[in-house]
Amino acid sequence: MKGKLITFEGIDGSGKTTIVNILGKMIENSVITYEPTNTWLGKSVKKAMDEGKDAMTIALLFLADRNEHIKEIKKWLDEGKIVLCDRYIDSTIAYQIEHLKKRIKNPERWIKNIHEPFLLKPDLTFLFVLPVNVAIKRIGNRKKTIFEKKEFLERVQENYIKIAENEKDRFVIVDANKSKEDVANECYKKIKRL
Ligand code: TMP
């Protein structure tokens, strides 16, 4: 595949979406995409979350949405595009580990096993890290998901940091408390190098 898959990860309110939109304008030949997607599959994940469905149901819907999304991503990569993806597999690991832990024994292994036949590994992943209080403030009054509670997001951010520490080659940890211009420039430089 000629293109590159670059993913953006972090807790809700970490500013990923703003930065992805800035980078999309800065980088020629880029495509912006995100998960959950805006297809009926992605919308069904959001519906399941709004309706408080079982954690396993929600996890399986995220994975179904990703399986279809990857087919789309592969097409863009074959066309040589720089795919900027707002949330991807690391969101599932960081969030669903917390959500599934009372339900199954080793949620991380379960998630990785299901992904095994279809996952496309990102070339580079930015992890946006910031104090959870700042993230909560940024979320403000916008409609909250079931995950947007301080203690939950604290654990999710810890999970993210552990994932990044185990895969130092793929991850760049970004201080998301900086101005959006600084964060965007830092990401841009790393992408250029790639
Ligand atoms: P969004 O606010 O970025 O659209 O994401 C919706 C929520 O879904 C957010 O709280 C993160 C969560 N999420 C997961 O729990 N697992 C996943 O695999 C993805 C992609 C998102």
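Start at 1 and go down the list; that is how both ligands and their atoms are numbered. Small disclaimer: the values here were computed from a predicted structure and weren't measured.
A donor-acceptor contact closer than 3.5 angstrom links the side chains of Arg66 and Thr92. Using a 3.5 Å distance cut-off with no hydrogens or angles, the side chains of Tyr95 and Asp90 do not pair a donor with an acceptor.
Counting non-hydrogen atoms of other residues, nucleotides and ligands closer than 6.0 Å to CZ of Arg109 gives a total of 12 or fewer.
The pair Glu79-Lys2 does not count as a salt bridge, with every side-chain nitrogen at least 4.0 angstrom from each carboxylate oxygen. Between Glu154 and Lys150 a salt bridge is recorded (basic side-chain N to carboxylate O distance below 4.0 Å).
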Filter the ligand 1-protein atom pairs down to N or O on both sides and distance under 3.5 Å, then list them.
{"from": "ligand 1", "atom 1": "3 (O)", "to": "Arg87", "atom 2": "NE", "distance (Å)": "2.9"}
{"from": "ligand 1", "atom 1": "10 (O)", "to": "Asp12", "atom 2": "OD1", "distance (Å)": "3.2"}
{"from": "ligand 1", "atom 1": "10 (O)", "to": "Asp12", "atom 2": "OD2", "distance (Å)": "2.8"}
{"from": "ligand 1", "atom 1": "10 (O)", "to": "Thr145", "atom 2": "OG1", "distance (Å)": "3.3"}
{"from": "ligand 1", "atom 1": "15 (O)", "to": "Gln96", "atom 2": "OE1", "distance (Å)": "3.3"}
{"from": "ligand 1", "atom 1": "15 (O)", "to": "Gln96", "atom 2": "NE2", "distance (Å)": "3.1"}
{"from": "ligand 1", "atom 1": "16 (N)", "to": "Gln96", "atom 2": "OE1", "distance (Å)": "2.8"}
{"from": "ligand 1", "atom 1": "18 (O)", "to": "Arg66", "atom 2": "NH2", "distance (Å)": "3.3"}
{"from": "ligand 1", "atom 1": "18 (O)", "to": "Thr92", "atom 2": "N", "distance (Å)": "3.4"}
{"from": "ligand 1", "atom 1": "18 (O)", "to": "Thr92", "atom 2": "OG1", "distance (Å)": "2.6"}

Name the atoms and distances for all side-chain donor-acceptor pairs under 3.5 Å in residues 180-194, with sequence neighbours left out.
{"from": "Asn185", "atom 1": "ND2", "to": "Glu181", "atom 2": "O", "distance (Å)": "3.2"}
{"from": "Glu186", "atom 1": "OE1", "to": "Lys178", "atom 2": "NZ", "distance (Å)": "3.4"}

